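Shown next, in structure tokens, is the structure this report addresses.
Computed from heavy atoms alone, side chains included, the values below leave out hydrogens, waters and symmetry copies. Keep in mind that what you see is a predicted model, and the values were worked out from it rather than measured. First listed ligand is number 1; within each ligand, the first listed atom is number 1.
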Amino acid sequence: MDSWEEACRSVDIKDEPEITKAQREAVVKASFMVAAALAKSGRPLTDGEFVKSCMMKVCDVVCPDKRQVFLNVNLSRDTVAGRVCDLATNLQQQLVRKGRDFIAYSLAVDASTALMSVFIRGVDSSLCVTEELLGLRSMHGTTTGKDLFEEVSRCVNDMRLPWDKLVGLTTDGAPEMCGEKSGLVGRMREKMREDNCTGELTTYHCIIHQEALCGKALNMEHVMSTLTRAVNFIRATGLNHHQFKSFLEELGSDLPDHTQVRWLSQGKVLKRCFELREEICRFMESKGEDTTELRDKEFLCEVAFLCDLTSHLNALNLQLQDRGSVVTDMYAAVRAFKVKLRLWETQMLQGKLSHFPCCQTMKEQVSTAVFPSARFAEKLSILGGDFTHRFADFEAQKSRFELLRNPFAADVESAPTNIQMELIDLQCNDSLKAKYVSVGAAQFPRFIPDTMPQLRSQAAQMLSMFGSTHLCEQLFSMMKKTSHRTRLTDELLHSILRISSARSLTPNIDELASMRCQVSGSD
Ligand SMILES: *[C@@H]1O[C@H](CO)[C@@H](O)[C@H](O)[C@H]1NC(C)=O
Ligand SMILES: *[C@@H]1O[C@H](CO)[C@@H](O)[C@H](O)[C@H]1NC(C)=O
């Protein structure tokens, strides 16, 4: 049977004409497209061979006369890997070209994992925003502020971006990042001073890393570590326990340890821990574990408090992660959150817990004397202070943000001198006012005429500022998805991540395919 099929095939092939030049280009283009799809989906590159085998099966049924052409689509692992690198290089070249037109840009840097990532958000003179991965570097050992600065400098210089167009810097808030002297922020400011840059660098530390907030600022790390120990115990021994099955599934494959409690910051997990508190204790007791601490009333109140607070922080985070939002929206969200914190503090002191449902539950179970209202109110106050500190640069830029949020209501006298004339012209122009009303604050800057260059430049700076380092976070989860990464070289891993994180740019596959055909004649 097999040999009969073989015989038929060889006859087929003999009858088949050689593939034409146009077909050859199509075949190369197809392999680029499959390589891009594999990279985007985070699948192993060896899946190319499987795709090819499926393709041949489909071809044999649907269009057997095209067999020879399909056979030429090379999807071997090495070819796919080569294509992936070409695609990433193409994206990088496009970004360099775009970067030449940026009139303002911001950077977001994250080094919370072994992979340091730098994202850029650049705005060109027509106020179009390009948001892309600028650079990646696998970090080994401890990372210092100097390492970070050198890496970021390299990215900026490789792209030949002028330092005086840098307006914003978002970091993950780690000390080596935000240190004013030897941290990345301090060194960037120093570099800009050396280069005689006139603009201010607006920096802030994003709140995505909530464990830092909840743990360190609130001094509640002991709650996290006790819960982490309990969860690790269940993970090790209770995998088949029906009550924990879905709980453990929610945890996913993240292996928590006592130093990294990133998973706990996902409010959902914390909430499940709170809901399952009785089951967790009973299970651990059945295994002979000591649960004195887990059963402690005050400890449970603290878990409830963290649970409520992280759910509020998560809601804020979601607002901040909205891709379409600009820095003014973000500023509004942060300001609102600060107001809420003050309200919660007052209500906590008064024993009104409607915005803290888990605390409400606990308070009903323990006596009012046990529930530490005053201590929690103080923690809310500390968090408010931490927010003020984190967003201090924001506060300083408040008038600038507000100016662009509603330029028609802005007070000309208190506006920066260099924009006062343009601002008056703008405010007195009825057709621009009508435009503002019809398109809204977020879109309006694009309609500020070229005759108002200072206002346009202000708008570009504002548009370039990052909402948050959510891009870095997304990259991190994509990296996790690329679970076969251990077998990848750094270059290949970085290429895959560049392709899968691409937002504003798409690889120019036509160009790549025709180039490839010219170089090799066939492929
Ligand atoms: C900055 O200004 C100082 C003093 O005018 C000058 O000596 C120095 O060369 C300038 N640096 C750059 C990078 O332009
Ligand atoms: C108002 O702005 C529009 C749009 O830029 C412009 O065409 C028009 O000349 C301006 N009108 C005045 C009176 O400046």
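Among all non-hydrogen protein atoms, the one lying nearest atom 13 (C) of ligand 2 is Asn429 ND2, 4.6 Å. Of the protein's non-hydrogen atoms, Leu432 CD2, 4.0 Å is the one closest to atom 4 (C) of ligand 2.
Ion pair Glu345/Arg342 not flagged as a salt bridge, since none of the NZ, NE, NH1 or NH2 atoms sits closer than 4.0 Å to an Asp/Glu carboxylate oxygen. A salt bridge links Arg193 with Glu190: the closest approach of a Lys/Arg side-chain nitrogen to an acidic carboxylate oxygen falls below 4.0 angstrom. Taking 4.0 Å as the cut-off between side-chain N and carboxylate O, Lys98 and Asp124 do not count as a salt-bridged pair.
Which parts of ligand 2 touch Ser431 is read off a 4.0 Å heavy-atom cut-off, strictly below it: atoms 1 (C), 2 (O), 3 (C). If you number the atoms of ligand 2 from 1 as listed, the ones under 4.0 Å from a heavy atom of Pro449 come out as 5 (O).
Not one N or O on the side chain of Asn90 forms a donor-acceptor pair closer than 3.5 Å with the backbone of Asp86.
For atom 1 (C) of ligand 2, the nearest protein heavy atom lies under 4.0 Å away. For atom 9 (O) of ligand 2, no protein non-hydrogen atom is found at a distance below 4.0 Å.
No side-chain heavy atom of Glu132 sits less than 4.5 Å from a side-chain heavy atom of Gln94.
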